[in-house]
Amino acid sequence: MEILSRLSAVDAAKRLLGCELIRTFGDGQARVRIVETEAYDQTDAASHSYNGRTQRTDVMFGPAGHLYVYFTYGMHYCMNVVVGPEHYGAAVLIRAVEPIEGEELLSERRPKQGIDLTNGPAKLCQALGVDKRMNGHDLAKSPLKLELKPQLVDKDITTATRVGISKAADEPWRFYITHNSYISKP
DNA sequence: TGCCTGATGTTCT
DNA sequence: GAACATCAGGCAC
């Protein structure tokens, strides 16, 4: 976990691919694999931290390995993993995950099947039961834990431009696992 | 299959 | 008061 504080947002975005999240519910636990990420840091015009530290972006400037959840478009949550050194505003957006275990628990919270369950940032938050109450949560602890896995080799990682933003949209800071069907927008 | 649009809260100007 | 790191449903092709 501490390794995340030493990585840039881009390196951390690649490092987090293939890692797993373990979500504990009252009635069991679900495990998912991260298959798509996007890097954001304070030098990046598309990042929430670009305009400095505010009440909303406060956790982005906090210690790495915590969860930054924000609300957008009036009805959706998206989750980020805070990375980089403390007081530096960087985070990695989780865009898509692949269920490994407890998929039925996820579809209880999001009544969809197959890739539509978690192939988008707001979708996976709904499926994992993540909302703003989880903002600032430490990912070393239950009920949502991040489990690091060995870093993927470069050939398994595809680089692309980011999605759904208007500023700095050409930066190739989106990463996903090659040949994975859960990607939000290949 | 693919474009268009409505829903709707929070943040910042 | 506008912008927004979105999704789902409707309608046209």
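Per chain, numbering begins at 1; letters A, B, ... match sequence-line order.
When each of A:E147, A:E98, A:E20 is checked for a side chain to side chain donor-acceptor pair (under 3.5 Å) with A:R33, only A:E98 meets the rule.
The existence of a salt bridge linking A:R162 and A:E171 is excluded, since no basic side-chain nitrogen approaches an acidic carboxylate oxygen closer than 4.0 Å.
Minimum interatomic distance between A:L152 and A:D156 (heavy atoms only, all atoms of both residues): CB-CB, 4.4 Å. Heavy-atom minimum distance, A:A96 versus A:Y182: CB-O, 3.3 Å.
For A:Y70 against C:dA5, a side-chain-to-base donor-acceptor contact under 3.5 Å is present.
Counting any heavy atom pair closer than 4.0 Å across all strands shown, A:A122 reaches sugar-phosphate atoms only and no base atom. A:N51 comes within 4.0 angstrom of no nucleic acid atom, judged by non-hydrogen atoms across all strands.
With centres under 5.5 Å and a plane angle under 30° as the test, the ring of A:Y73 is not stacked against the base of B:dG9.
In this structure, A:H76 has its ring center at least 6.0 angstrom away from the ring center of A:F71.
Taking only side-chain nitrogens and oxygens, A:K132 comes nearer than 4.0 Å to OP1 or OP2 of B:dT10. Taking side-chain N and O atoms only, A:T72 has no distance below 4.0 Å to OP1 or OP2 of B:dT10. The phosphate of C:dA8 has OP1 or OP2 within less than 4.0 Å of a side-chain N or O from A:R110.
Within a 6.0 Å sphere centred on CG of A:D27, heavy atoms belonging to other residues, nucleotides or ligands number more than 12.
A straight line from OH of A:Y40 to C1' of C:dA5 spans 4 Å, rounded to a whole angstrom. The interatomic distance linking A:D58 (CG) with B:dT11 (C1') rounds to 14 Å, in whole Å. Going from atom OH of A:Y68 over to atom P of B:dT11 covers 9 Å, rounded to whole Å. Rounded to a whole Å, the NE2 atom of A:H76 is 4 Å from the C1' atom of C:dT6. When the C1' atom of C:dA5 is taken as reference, atom CG of A:L67 falls 15 Å away, rounded to whole Å. In this structure, the CE atom of A:M75 is 17 Å from the P atom of C:dA5, given to the nearest Å. Between the C1' atom of C:dT6 and the CG atom of A:L93 lies a distance of 11 Å, rounded to the nearest Å. Protein atom CG of A:N135 is 12 Å distant from nucleotide atom C1' of B:dT10, rounded to whole Å.
Annotation: cation-pi pair A:R56/A:Y68 absent, no NZ/CZ under 6.0 Å from the ring centroid and within 45° of its normal.
Each of C:dC7, B:dC12, C:dA5 was ranked by its minimum atom distance to the side chain of A:S166; first place goes to C:dA5.
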Nucleotide pairing, DNA chain B (Watson-Crick or G-U, distances under 3.5 Å), in dot-bracket with [ ] and |: |||||||.||||.
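Position along DNA chain C of the nearest nucleotide to A:S47 versus A:K112 favours A:S47 as the more 5'-ward residue.
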